[in-house]
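FYI, side chains are in, hydrogens and waters are out, and symmetry mates aren't considered; it's all heavy atoms of this structure. Owing to the predicted nature of the structure, the values given are computational and were not obtained by experimental measurement.
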Amino acid sequence: MKTQAIFSGSGRFEKTAGADYIEVFGRHQDNVMTAIGAEWNYSRPVASDRQIGVDGIFAYYVNGWPEELQPDYENAYTWLIHASMQTESLNLGIGWHGVSDHTADIGVGPYFWIDPLVADNTLPYDARNRAQLFYVDAETSYGPVDLTLAYGYGINQSIDVDSHEFNAIGKVHLREDLSFEIMVSWNMYEGDLLADYVRTGTLLTFEF
């Protein structure tokens, strides 16, 4: 019986818990892929009730597929840069996410793509990348209710498809240890390659 090695690890450097940090990570699966990269967060106050910040991720994917199985697969990289302004009750942000112009399935094995929205099927689209996403997001709270809204405009040049995605996520804290969440994701695609769809979901969380 043939075994396949999978490794994953990370290290975080920060001044104080939950503050500015940079985290480096590495993941490996035999005959699939090795991914290395970094995630970071940096914020600074600009007033007594306001702060600005920049966070992001960069990941480089080293193709490990045997050539006889996937002769066209290449190394690839992906990035996410997000700037935000936060007050006591509102967080506004703008971001840019992209995948390089290389043939690689960056969503296989122990890996993940870093699309900041819920479910845009073009980032990545199978193994065909060369895609970018420009988005805005907002988070606010009112009493026991948290609300997150986001809009993203996606461009996948490898399949010549532009996309629009609207996300709305509402979370109600019923008790200190119990919350209910509902999500709606509306995805629209230009052209005839992909069909528009709406995805919904709910989540009941009990913490103990």
Side-chain angles (χ1 to χ4, degrees), residues 32-33 35 37 39 54-61 63 65 70 72-86 90-142 145-173 179-205:
V32 178
M33 191 181 298
E39 179 178 356
V54 178
D55 58 275
I57 305 174
F58 177 84
Y60 186 75
Y61 300 86
N63 173 48
W65 283 90
Q70 297 291 355
D72 297 327
Y73 274 18
E74 306 170 281
N75 299 341
Y77 58 89
T78 182
W79 69 89
L80 170 65
I81 301 174
H82 178 252
S84 62
M85 182 184 71
Q86 183 176 356
L90 182 64
N91 192 340
L92 298 174
I94 183 170
W96 175 37
H97 166 48
V99 186
S100 65
D101 183 12
H102 296 96
T103 301
D105 189 351
I106 63 175
V108 299
Y111 312 104
F112 62 98
W113 50 83
I114 57 176
D115 185 347
L117 302 185
V118 173
D120 184 345
N121 288 338
T122 65
L123 279 105
Y125 183 76
D126 296 331
R128 288 169 284 178
N129 300 302
R130 197 184 178 194
Q132 297 184 65
L133 172 72
F134 303 92
Y135 71 100
V136 293
D137 59 342
E139 299 178 8
T140 187
S141 299
Y142 184 77
V145 178
D146 299 335
L147 179 64
T148 300
L149 300 173
Y151 163 74
Y153 176 63
I155 304 170
N156 190 314
Q157 294 176 288
S158 66
I159 56 175
D160 197 24
V161 170
D162 294 351
S163 62
H164 304 270
E165 179 174 353
F166 298 89
N167 295 166
I169 302 173
K171 185 175 184 179
V172 181
H173 299 273
S179 63
F180 175 75
E181 186 173 331
I182 184 169
M183 176 274 294
V184 178
S185 177
W186 182 18
N187 295 263
M188 298 178 294
Y189 301 98
E190 299 180 4
D192 300 324
L193 180 63
L194 297 172
D196 301 345
Y197 68 92
V198 176
R199 176 177 295 181
T200 61
T202 57
L203 179 65
L204 184 66
T205 303

Got a donor-acceptor contact below 3.5 angstrom from the [X] side chain to the [Y] backbone?
X: D146; Y: S141; answer: no
X: N129; Y: A104; answer: yes
X: T78; Y: G98; answer: yes
X: T140; Y: L147; answer: no
X: Q86; Y: N91; answer: no
X: H97; Y: W79; answer: yes

Would you name the heavy atoms of [X] and [Y] that are closest together and state the gap between them?
X: P116; Y: L133; value: CD-CD2, 3.8 Å
X: W65; Y: V32; value: CD1-O, 3.4 Å
X: H82; Y: G93; value: NE2-CA, 3.7 Å
X: L117; Y: D115; value: N-OD1, 2.9 Å
X: A195; Y: Y189; value: O-CD1, 3.6 Å
X: N167; Y: E165; value: ND2-OE2, 2.9 Å

Under the side chain to side chain donor-acceptor pair (under 3.5 Å) test, residues paired with W96 that sit two or more places apart: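 Residues passing side chain to side chain donor-acceptor pair (under 3.5 Å) with W96: Q132.
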
Could you list the residues that satisfy side chain to side chain donor-acceptor pair (under 3.5 Å) with S158, not counting sequence neighbours?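 S158 satisfies side chain to side chain donor-acceptor pair (under 3.5 Å) with N156 only.
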
What's the spacing between [X] [atom1] and [Y] [atom2] if we round to 0.5 Å?
X: L92; Y: D137; atom1: CG; atom2: CG; value: 8.0 Å
X: M85; Y: L90; atom1: CE; atom2: CG; value: 7.0 Å
X: S84; Y: D55; atom1: OG; atom2: CG; value: 6.0 Å
X: Q157; Y: D101; atom1: CD; atom2: CG; value: 8.0 Å
X: L194; Y: I159; atom1: CG; atom2: CD1; value: 5.5 Å
X: M188; Y: S163; atom1: CE; atom2: OG; value: 9.5 Å

For a 4.5 angstrom cut-off between non-hydrogen side-chain atoms, does [X] reach [Y]?
X: F134; Y: I155; value: yes
X: I94; Y: Y135; value: no
X: H164; Y: W186; value: no
X: I169; Y: E181; value: yes
X: I57; Y: E39; value: yes

Apply the test side chain to side chain contact (heavy atoms under 4.5 Å, CB included) to residues M183 and S185: give CA-CA distance (whole Å), side-chain angles for both, the deciding distance (0.1 Å), then the verdict. CA-CA 7 Å; M183 176 274 294; S185 177; 3.9 Å; yes

